[in-house]
Amino acid sequence: MGLLIKNIRCLVQTEDHPRKQICGSEMAKLNAIPDAFLFIEDEKIKDFGIMKDIPPEYQLSGHVQHKIIDATGRIVFPSFCDPHTHLVYAGSRETEFTDKIKGLSYVEIAKRGGGILNSAKLLQKTSENELFDQSMVRVNEIICLGTGAVEIKSGYGLTTTDELKILRVIRRIKESSPIEVKATFLGAHAVPEEYKNDREKYVDLVINEMIPVVASEELADYIDVFCDNGFFTAEDTERILMAGLKYGLTAKLHANELDYSGGVQIGVKYNALSVDHLECTGDDEINELKGTGTMPTLLPASAFFLGLPDPPARKIIDAGLPVALASDYNPGSAPSGNMKLIMSLGCIRLKMLPEEVINAVTINSAYAMGLSDTHGSIVRGKVANVFITKEIPSYDFMPYAFGSNLVETVILNGKLID
Ligand code: NIG
Ligand code: FE
């Protein structure tokens with residue numbers, strides 16, 4: 001049985017010749033078919049086109065019953081790919097939110113044992129089952145908001161046992177949810193209190209104990225380091241990435257959020273799939289990224305939430321580079337996984353065009369999580385992860401109407417999600 005979506009006002013991000021990523025001025029272009037149909041079969045996109053060319057067999061009833069959805073007035077998008085989240089965490093940190101309003105900075109809160117260490121303390125006391133239940137609430141929430149693929153990092157464990165606990169929860173999410181999941185090991189997210197005066201010893205623990213067991217249990221697709229002022233240095237990062245590479249773990253880095261940390265350069269040197277954040281990015285970093293396979297991935301919600309200067313998206317795109325956008329869903333700097341809001345922030349704060357943000361949350365973000373071949377666009381043979389909007393006039397309306405949830409119907413792996 002197939003699923004036909006007909007009378008679509010506009011079918012967004014279609015490709016006859018799929019691209020791995022979209023760079024520079026190409027980002028302002030978007031394929032979109034008005035008055036379209038989309039036909040799904042066996043969890044995959046089988047066909048699409050304009051209504052007047054629809055093959056009659058797709059509308060068959062009788063012995064071959066296809067399910068038919070009439071999408072009059074509605075727009076169909078490929079599901080968002082969110083290539084950077086920390087959504088497996090315990091509890092929340094709204095007290096720090098208030099501290100920030102009163103004037104404390106992110107780094108000051110972290111230095112007082114708040115921030116990531118605060119979340120780690122709570123997570124260490126939380127059972128795997130409880131952590132799974134809390135995380136699944138967030139997963140189900142982002143599915144309803146249109147996300148069909150998500151990367152999730154560890155990094156709130158900071159002991160071998162607790163890092164493994166997070167990665168096992170991520171594996172359970174992978175097994176039990178229709179959303180596509182990639183797992184990233186981020187043991188080097190913060191230096192635990194007991195290693196405060198001996199950071200290198202913690203780096204040794206990550207390298208000699210955590211990475212080998214994470215790899216042997218095949219719990220991670222990628223490896224990450226928070227390479228930034230007050231967290232891990234470029235040298236620490238290099239050591240950890242080298243160790244990860246020995247076990248086949250490709251890098252996806254937190255780089256240049258709080259300072260010119262050298263993270264971009266290290267990421268490029270080790271062929272990172274993406275370097276993420278990039279609030280502190282100048283000509284050197286941009287030149288370093290040119291001609292590489294490393295995707296600059298911007299997280300406008302965390303810059304917005306922390307009141308940091310925005311990453312220079314325009315400069316990066318105008319230099320001919322691609323940009324991906326991600327939510328960074330985490331309790332400290334971005335307590336939201338709403339990718340539609342990320343599109344709005346991309347437009348409003350980063351001065352990206354609607355077409356550019358759509359490319360950045362679909363094709364380019366699929367690239368940033370290693371899913372270009374299967375996700376991120378409407379292509380015959382790709383996984384049928386799409387959503388249908390409410391009645392809206394145009395695709396620009398999505399980032400424009402920043403406070404409304406406009407996702408009406410979600411389809412993952414060809415199946416309707418209730
Ligand atoms: O991506 N920058 C590092 N890690 C997270 C924040 C984590 C936290 O504050 O809990 C981020 O913003
Ligand atoms: Fe992050």
Side-chain angles (χ1 to χ4, degrees), residues 82-100 104-124 134-135 138 150-158 162-163 166 170 182-192 222-232 236-237 240 251-259 261 263-264 267 272-280 295-311 324-337 339 342 345 365 368-369:
D82 187 348
H84 181 137
T85 83
H86 310 246
L87 68 72
V88 174
Y89 59 83
S92 54
R93 304 220 304 264
E94 63 276 15
T95 43
E96 290 173 16
F97 174 63
T98 314
D99 289 341
K100 267 183 241 125
L104 281 183
S105 76
Y106 184 70
V107 172
E108 280 162 349
I109 290 170
K111 282 207 173 119
R112 294 197 320 181
I116 296 166
L117 295 184
N118 194 357
S119 286
K121 221 183 284 163
L122 197 56
L123 186 138
Q124 289 163 5
Q134 289 189 23
S135 305
R138 299 178 198 120
V150 63
E151 183 258 18
I152 312 173
K153 300 171 194 296
S154 69
Y156 290 118
L158 306 181
D162 294 294
E163 284 296 302
I166 301 175
I170 299 174
K182 290 285 186 183
T184 299
F185 168 61
L186 175 57
H189 194 193
V191 181
Y222 303 112
I223 186 162
D224 192 349
V225 177
F226 188 6
C227 179
D228 229 314
N229 190 8
F231 292 86
F232 294 89
D236 300 334
T237 306
I240 293 169
K252 274 173 70 63
L253 273 194
H254 277 76
N256 298 47
E257 177 184 5
L258 307 169
D259 209 340
S261 63
V264 171
L273 185 57
S274 68
V275 284
D276 302 13
H277 273 293
L278 310 187
E279 281 78 2
C280 300
M295 177 64 69
T297 299
L298 310 182
L299 316 173
S302 49
F304 170 68
F305 190 81
L306 297 180
L308 298 175
D310 288 308
L325 294 175
S327 73
D328 199 14
Y329 198 173
N330 76 72
S333 68
S336 165
M339 287 296 279
I342 297 302
L345 292 172
S365 55
M369 55 194 299

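Position 1 is the first residue of the sequence; numbering continues from there. Note that ligands are numbered from 1 as they come in the structure, with each ligand's atoms numbered from 1 the same way.
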| field | Test item: N330 side-chain N/O and H86 main-chain N/O as donor-acceptor pair under 3.5 Å | value | no
| request: Say whether, by atom type as modelled, one donor and one acceptor occur between the side chain of D228 and the main chain of L258 under 3.5 angstrom. | output: yes
| With a cut-off of 2.8 Å, does H277 place any N/O/S atom under that distance from the Fe ion (ligand 2)? | no
| Closest non-hydrogen atom pair between E257 and C280, with its separation | O-SG, 3.9 Å
| Side chain S119, main chain Y156, donor-acceptor under 3.5 Å | no
| said: Regarding D276, does it place an N, O or S atom less than 2.8 Å from the Fe ion (ligand 2)? | reply: no
| request: In sequence, state the C-alpha distance, the side-chain angles, and the governing distance for H277 and N256, and then conclude on side-chain hydrogen bond (donor to acceptor under 3.5 Å, both in side chains). | output: CA-CA 6 Å; H277 273 293; N256 298 47; over 6 Å; no
| Are H254 and D276 close enough that a side-chain donor and a side-chain acceptor fall under 3.5 Å? | no
| request: Please list, by chain and number, the protein residues whose heavy atoms come under 4.0 Å of ligand 1. | output: H84, H86, R93, Y106, I116, Y156, H189, F226, H254, E257, H277, D328, N330, G332, S333
| field | Proximal heteroatom of D328 relative to the Fe ion (ligand 2) (N/O/S) | value | OD1
| For L122 against S92, the heavy-atom pair lying closest together | CD2-N, 4.5 Å
